[in-house]
2 protein chains.
Amino acid sequence: MALPSGPVTTSSEAEAVLFDLVDVYDRAYEAAAAELSLSPAQACVLGRLDERRGMGALADELGCDASNVTQIVARLEALGLVTREPNPQDRRARLVARTPEGDEINRRFATAFTFARTAVGRLSPDEQDQLTALLRKALG
Amino acid sequence: MALPSGPVTTSSEAEAVLFDLVDVYDRAYEAAAAELSLSPAQACVLGRLDERRGMGALADELGCDASNVTQIVARLEALGLVTREPNPQDRRARLVARTPEGDEINRRFATAFTFARTAVGRLSPDEQDQLTALLRKALG
DNA sequence: AATGATCCTTGATTGACTCAAGTAAACAGG
DNA sequence: CCTGTTTACTTGAGTCAATCAAGGATCATT
């Protein structure tokens, strides 16, 4: 998403700040991906391949259609960032894994996406704990 | 974006909760839009038309290309949710405004998008202030 | 008037996303 | 074993968001 999620008129300040946070986070994520010529979706999938896994597992985790994953992985494969190996245990299934190039790009993405790190870093350890607790509570 | 923004391996718990928040927020926004058969982008634009404004102003605010706004507004217009009136002061420009139907849909969207409201509502007023202060500090 | 900037649209392209179908292999039950 | 069903994934068609390049119209300046 490039366009921001909100605001419908926010009633409280906390809501407004929440919206700001989401907006800035999303934009930073997108920008970091763009630095590596990846789409956000590609960066997302690449980041979830610390261990090799099947297409279905990815789709479940991402909460999207399997055919969507097929496409994104196909593009990552074309870029040489992942491989789709046959699964010896189940010949219907494919195991997706990052290539060394994929590892490198993923590492660089993690470096480029500084937003969360920076934001949290502006807080003292105590404040970080408070924030964690508050957000956990807010998330229900 | 339907796919989540993250996680690249999060180093701190605060970062992980931040990611969760963004993910849940984005999904809730998308779901609320979907309830009204709107795309997130359409809901976003509709929500920013409390006052009529020009296409360029929208594009600036949304941080995207003017031609992107043209498309989204065209679809909203086709749905009867906005109008594109000529600007009497400047005949190059168009003034986009919500129709009464647009107002109604926007109101319903605001009702359907409960996430931020609910999340903040789980906190006491004091906690809401703390959260606001912490997020402001984290945003820098 | 002529020039140049501004506002917006059009057209072309890419990618994400979804749904409906389809293939192939695993996995029953008889 | 077959046979029918489920599972894992791919393909194809279609929509929408997004960006870029190019163009038309209007404004603004000189």
Side-chain angles (χ1 to χ4, degrees), chain A residues 1-5 26-27 29-31 33-46 48 52-79 81-97, chain B residues 1-5 26-27 29-31 33-46 48 52-79 81-97:
Chain A
M1 170 190 333
L3 296 199
S5 301
D26 283 339
R27 287 182 195 274
Y29 194 88
E30 196 176 353
E35 275 184 43
L36 300 162
S37 305
L38 295 177
S39 70
Q42 289 167 351
C44 170
V45 168
L46 203 58
R48 284 169 190 256
R52 61 148 66 147
R53 67 214 312 167
M55 309 287 290
L58 274 173
D60 285 350
E61 188 171 334
L62 301 174
C64 72
D65 197 274
S67 63
N68 195 10
V69 176
T70 298
Q71 282 186 88
I72 297 169
V73 167
R75 290 189 187 109
L76 288 172
E77 196 181 23
L79 294 170
L81 304 181
V82 307
T83 57
R84 242 181 328 186
E85 309 159 8
N87 182 336
Q89 266 84 54
D90 182 344
R91 295 202 328 257
R92 295 169 298 181
R94 301 293 194 90
L95 288 173
V96 187
Chain B
M1 173 190 327
L3 295 199
S5 301
D26 282 338
R27 287 181 195 276
Y29 193 89
E30 196 176 352
E35 274 184 45
L36 300 163
S37 305
L38 295 178
S39 70
Q42 288 167 353
C44 170
V45 168
L46 203 57
R48 284 168 189 256
R52 62 147 66 145
R53 66 215 311 167
M55 308 288 289
L58 275 172
D60 284 350
E61 187 171 335
L62 301 174
C64 73
D65 197 275
S67 63
N68 194 11
V69 176
T70 298
Q71 281 187 93
I72 296 169
V73 167
R75 289 188 190 109
L76 288 172
E77 196 180 26
L79 294 170
L81 304 181
V82 307
T83 56
R84 243 181 327 186
E85 310 159 7
N87 182 336
Q89 265 83 54
D90 181 344
R91 295 202 330 257
R92 294 169 298 181
R94 301 292 193 93
L95 288 174
V96 187

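Convention: sequence-line order gives letters A, B, ...; per-chain numbering from 1. The basis for the numbers below is simple: all heavy atoms, side chains too, and nothing from hydrogens, waters or symmetry mates.
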(request) Name the residue closer to the 5' end of DNA chain C, choosing between A:Ser67 and B:Gln71 according to the nucleotide with the nearest heavy atom. (result)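 Going by which nucleotide is closer to the 5' end, it is B:Gln71.
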(message) Taking the nucleotide of DNA chain C with the nearest heavy atom to each, does A:Asn68 or A:Asp90 sit closer to the 5' end?
(response)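 Closer to the 5' end of DNA chain C: A:Asn68.
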What I'd like to find out is whether the side chain of [X] reaches to under 4.5 Å of the side chain of [Y], using heavy atoms alone.
X	Y	value
B:Asn87	B:Met55	no
B:Leu3	A:Pro40	no
B:Val45	B:Val82	no
A:Arg94	A:Val73	no

(request) Determine: side-chain N/O of B:Arg92 to OP1/OP2 of D:dA28, distance under 4.0 Å, yes or no. (result)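 Looking at the OP1 and OP2 atoms of D:dA28, neither is under 4.0 Å from any side-chain N or O of B:Arg92.
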(request) Tell me whether the OP1 or OP2 atom of D:dT10 has a side-chain N or O from A:Thr70 closer than 4.0 Å. (result)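 Yes, because at least one side-chain N or O of A:Thr70 sits under 4.0 Å from OP1 or OP2 of D:dT10.
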[X] has an atom [atom1]; how far is it from atom [atom2] of [N], in whole Å?
X	N	atom1	atom2	value
B:Tyr29	D:dA17	OH	P	12 Å
B:Gln42	D:dA17	CD	C1'	10 Å
A:Leu79	C:dG15	CG	C1'	12 Å
A:Glu30	C:dG15	CD	P	14 Å
B:Leu58	D:dA18	CG	P	13 Å
A:Arg27	D:dA18	CZ	C1'	13 Å
B:Asp65	C:dA12	CG	P	17 Å
B:Leu3	D:dC16	CG	P	19 Å

(request) Select one nucleotide: of D:dA17, C:dC8, D:dT10, the one nearest the side-chain heavy atoms of A:Met55. (result)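 My answer, after comparing the listed nucleotides, is D:dT10.
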(request) Check for a donor-acceptor pair, side chain of A:Arg53 on one end and backbone N or O of A:Arg48 on the other, with a separation under 3.5 Å. (result)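 Judged by distance alone, yes, a pair lies under 3.5 Å.
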(message) Under 3.5 Å, is there any donor-acceptor pair linking the side chain of B:Arg91 to the base of D:dT26?
(response)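 Answer is no: no donor-acceptor pair is held.
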